[in-house]
J.: 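I'd like to ask some things about the structure below.
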Amino acid sequence: MKPFVHLNSAMTVDGKIATENSSMKISGKKDAIRVHQLRKKYDGIMVGINTVIVDNPKLTIHKIPSKIEENPVRIIIDSNARTPLNSKVLNNNAKTIIVVSNNAPQDKIEQLEKHCEIIKTGKNRVDLKDAMEKLYNKGIKSILLEGGSTLNFSMFQEQLIDKLTICIGSEILGGKKSKTLVDGIGFQKDNCINLKLESINKIDEDVLLEYSVVY
């Protein structure tokens, strides 16, 4: 058993979600409100370690009225336990689970355990399928994935994503080193991930696409 996983992201018209070294605001205010409304609906919210290091996000509900107990559990995929101890995801505004590999440095794990719960799985890299099963067994039945391009690829590769929503902002970034929605080694042309378009909506000057994922 695994949680229902919904990948939500924003990208430019040319498919970029960030520059090479930093995040960027792509969609408008109405979409930001939509995202925080989504966060209220899910048991957990998940990102990868690169997002934590580059963006230092709160991963809480703060753009709409909300009680602290409505915040989803924050889940960080961090194979080598690199999460900085001053990260916002380690504050007291929500529970945090960091998923590490079994070869993560023990001293770093012990430091992080003072601030959050640790799940170990996989030898050198987090075993995402096993991680999803462990999270499900902890009562996390649904996850909003706000991952970066590397984690997004790995989750698709393991066929763990069930739903995808993309807000396309009315801008072009360009740059061959800019981050796309899904990076990694990519798929072969005959085994791409297939999507079923469920809806199209206009939000201000942006376009929201909703898909189910077909494996």
Side-chain angles (χ1 to χ4, degrees), residues 2-19 22-48 50-52 54-77 88-89 91 93-97 132 135 140-153 155-156 160-173 178-183 193-214:
K2 76 168 192 68
F4 179 88
V5 178
H6 176 179
L7 169 58
N8 180 75
S9 188
M11 69 182 186
T12 60
V13 171
D14 56 331
K16 309 297 185 180
I17 64 170
T19 66
S22 65
S23 61
M24 59 183 288
K25 185 177 179 180
I26 296 173
S27 57
K29 183 177 180 180
K30 285 186 179 180
D31 186 59
I33 291 172
R34 178 191 66 84
V35 171
H36 284 254
Q37 290 170 336
L38 267 184
R39 290 181 178 184
K40 260 191 176 183
K41 298 178 180 179
Y42 284 83
D43 297 329
I45 179 170
M46 187 167 77
V47 299
N50 290 336
T51 297
V52 172
V54 173
D55 297 344
N56 193 19
K58 298 176 184 176
L59 299 184
T60 56
I61 304 164
H62 53 270
K63 293 189 181 296
I64 59 174
S66 178
K67 299 176 182 178
I68 192 169
E69 57 266 25
E70 293 180 292
N71 284 323
V73 176
R74 299 175 291 198
I75 303 161
I76 314 301
I77 304 300
K88 292 176 183 177
V89 294
N91 63 26
N93 291 336
K95 179 180 178 179
T96 299
I97 297 174
M132 292 301 106
L135 290 166
I140 298 175
K141 302 298 193 282
S142 61
I143 292 174
L144 184 64
L145 173 60
E146 296 187 5
S149 53
T150 300
L151 179 57
N152 292 347
F153 171 76
M155 290 289 286
F156 273 123
L160 295 171
I161 297 174
D162 303 287
K163 180 177 180 178
L164 169 66
T165 48
I166 293 290
C167 186
I168 301 178
S170 298
E171 53 195 343
I172 290 175
L173 177 61
S178 297
K179 300 295 184 181
T180 63
L181 177 66
V182 179
D183 283 343
I193 300 298
N194 293 306
L195 307 173
K196 179 182 178 183
L197 182 62
E198 302 288 356
S199 66
I200 303 172
N201 291 288
K202 189 173 184 292
I203 305 178
D204 291 331
E205 296 303 313
D206 305 329
V207 176
L208 181 67
L209 304 177
E210 179 177 337
Y211 297 92
S212 55
V213 185
V214 181

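When reading the values below, keep in mind they use all heavy atoms of this one structure, side chains included, and skip hydrogens, waters and symmetry mates. The shown structure was predicted, so the numbers you read here are calculated from the model rather than taken from an experiment.
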J.: Excluding sequence neighbours, so at least two apart, what forms ring-ring contact (aromatic ring centres under 6.0 Å, His included) with Phe153?
T.: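 Per chain and number, Phe153 pairs via ring-ring contact (aromatic ring centres under 6.0 Å, His included) with Phe187.
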J.: Within the supplied structure, the quantity of interest is the number of heavy atoms (other residues, nucleotides, ligands) at a distance under 6.0 Å from Glu198 CD; does it exceed 12?
T.: yes
J.: Rounded to the nearest 0.5 Å, how far does CG of Leu7 lie from CD of Glu146?
T.: 9.0 Å
J.: Using a 3.5 Å distance criterion without hydrogens, assess whether the side chain of Lys25 forms a donor-acceptor pair with backbone atoms of Ser27.
T.: no
J.: Evaluate whether atom NZ of Lys40 has more than 12 neighbouring non-hydrogen atoms of other residues, nucleotides or ligands under 6.0 angstrom away.
T.: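 Check passes, neighbour count above 12.
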J.: Using modelled atom types only, decide if a donor and an acceptor are shared between the side chain of Asp31 and the backbone of Gly28 within a distance under 3.5 Å.
T.: no
J.: How many angstroms lie between CG in Leu164 and CG in Leu195, if you round to the nearest 0.5 Å?
T.: 6.0 Å
J.: For the pair Asp43 (side chain) and Lys141 (backbone), establish whether a donor and an acceptor sit closer than 3.5 Å, ignoring hydrogens and angles.
T.: yes
J.: Could you check whether any side-chain N or O of Asn56 sits under 3.5 Å from a backbone N or O of Val52, counting only pairs where one atom can act as donor and the other as acceptor?
T.: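 Flag not set: sc Asn56 to bb Val52 has no pair under 3.5 Å.
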J.: Testing the basics here: between Lys58 and Val89, what is the closest heavy-atom pair and its distance to 0.1 Å?
T.: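 Result for this residue pair: O-CG1, 4.4 Å.
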J.: Would a distance-only check, ignoring hydrogens and angles, find a side-chain to backbone donor-acceptor pair under 3.5 Å from Asn71 to Asn93?
T.: yes
J.: Which distance, rounded to the nearest 0.5 Å, do you find between the NZ of Lys202 and the CG of Leu208?
T.: 12.5 Å
J.: State, yes or no, whether a side-chain contact exists between Ile140 and Ile97 at a heavy-atom distance under 4.5 Å.
T.: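 They are in contact (side-chain heavy atoms under 4.5 Å apart), so the answer is yes.
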J.: Check the side chains of His6 and Ser142 for a donor-acceptor pair under 3.5 angstrom, ignoring hydrogens and angles.
T.: no
J.: Consider only side-chain N and O atoms of Thr180 and Asp183, and report whether a donor and an acceptor are under 3.5 Å apart.
T.: yes
J.: If you look at every heavy atom in Ile33 and Ile64, which pair is closest and at what distance?
T.: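 Heavy atoms only, the tightest pair is CG2-CG2, 3.7 Å.
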J.: Angle class for the Tyr42/Phe4 ring planes (parallel below 30°, perpendicular above 60°, tilted otherwise)?
T.: parallel
J.: Taking atom NZ of Lys30 as the centre, does the number of heavy atoms from other residues, nucleotides or ligands within less than 6.0 Å exceed 12?
T.: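 Check fails, neighbour count at 12 or below.
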J.: Do the non-hydrogen side-chain atoms of Arg74 and Thr60 ever get within less than 4.5 Å of each other?
T.: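 Side-chain contact under 4.5 Å: yes.
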J.: State, yes or no, whether a side-chain contact exists between Asp206 and Ile26 at a heavy-atom distance under 4.5 Å.
T.: no
J.: So, taking the atom named CD1 in Ile17 and the one named OG in Ser9, what distance separates them when rounded to the nearest 0.5 Å?
T.: 5.0 Å
J.: Mind listing the closest non-hydrogen atom pair of Met132 and Leu160 along with its distance?
T.: CG-CD1, 3.9 Å
J.: Can you list the steps and then say if Glu210 with Lys163 is a side-chain contact (heavy atoms from CB on, under 4.5 Å)?
T.: CA-CA 8 Å; Glu210 179 177 337; Lys163 180 177 180 178; 3.1 Å; yes
J.: Within the structure provided, determine whether Arg34 and Ile203 are in side-chain contact (heavy-atom separation under 4.5 Å).
T.: yes
J.: Decide side-chain contact (heavy atoms from CB on, under 4.5 Å) for Ile76 and Val47; before the verdict, give the C-alpha distance in whole Å, the side-chain angles of both, and the deciding distance to 0.1 Å.
T.: CA-CA 5 Å; Ile76 314 301; Val47 299; 3.7 Å; yes
J.: What verdict does the side-chain contact (heavy atoms from CB on, under 4.5 Å) test give for Ile193 and Ile161, after you've listed the backbone C-alpha separation in whole Å, the side-chain angles of each residue and the deciding distance to 0.1 Å?
T.: CA-CA 10 Å; Ile193 300 298; Ile161 297 174; over 6 Å; no
J.: Would you name the heavy atoms of Ile61 and Arg39 that are closest together and state the gap between them?
T.: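 It is CG1-CB, 3.7 Å.
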J.: What are the two closest heavy atoms between Ser178 and Leu173, and how far apart are they?
T.: OG-CD2, 3.7 Å
J.: For a side-chain contact (heavy atoms from CB on, under 4.5 Å) check, start with the C-alpha distance between Leu151 and Leu145, then their side-chain angles and the critical distance, and finish with the verdict.
T.: CA-CA 9 Å; Leu151 179 57; Leu145 173 60; 3.7 Å; yes
J.: Report the distance from atom CD1 of Ile75 to atom CD1 of Ile143, rounding to the nearest 0.5 Å.
T.: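 Atom-to-atom, Ile75:CD1 and Ile143:CD1 are 4.0 Å apart.
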J.: Counting distance only, does the side-chain N/O of Asp55 pair as donor-acceptor with the main-chain N or O of Pro57 below 3.5 Å?
T.: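 Looks like no, no N/O pair under 3.5 Å.
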J.: What's the shortest heavy-atom distance between Glu171 and Asp14, and which atoms?
T.: O-OD1, 4.1 Å
J.: Do Val5 and Asp162 have side-chain heavy atoms sitting under 4.5 Å apart?
T.: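 Val5 reaches Asp162 side chain to side chain.
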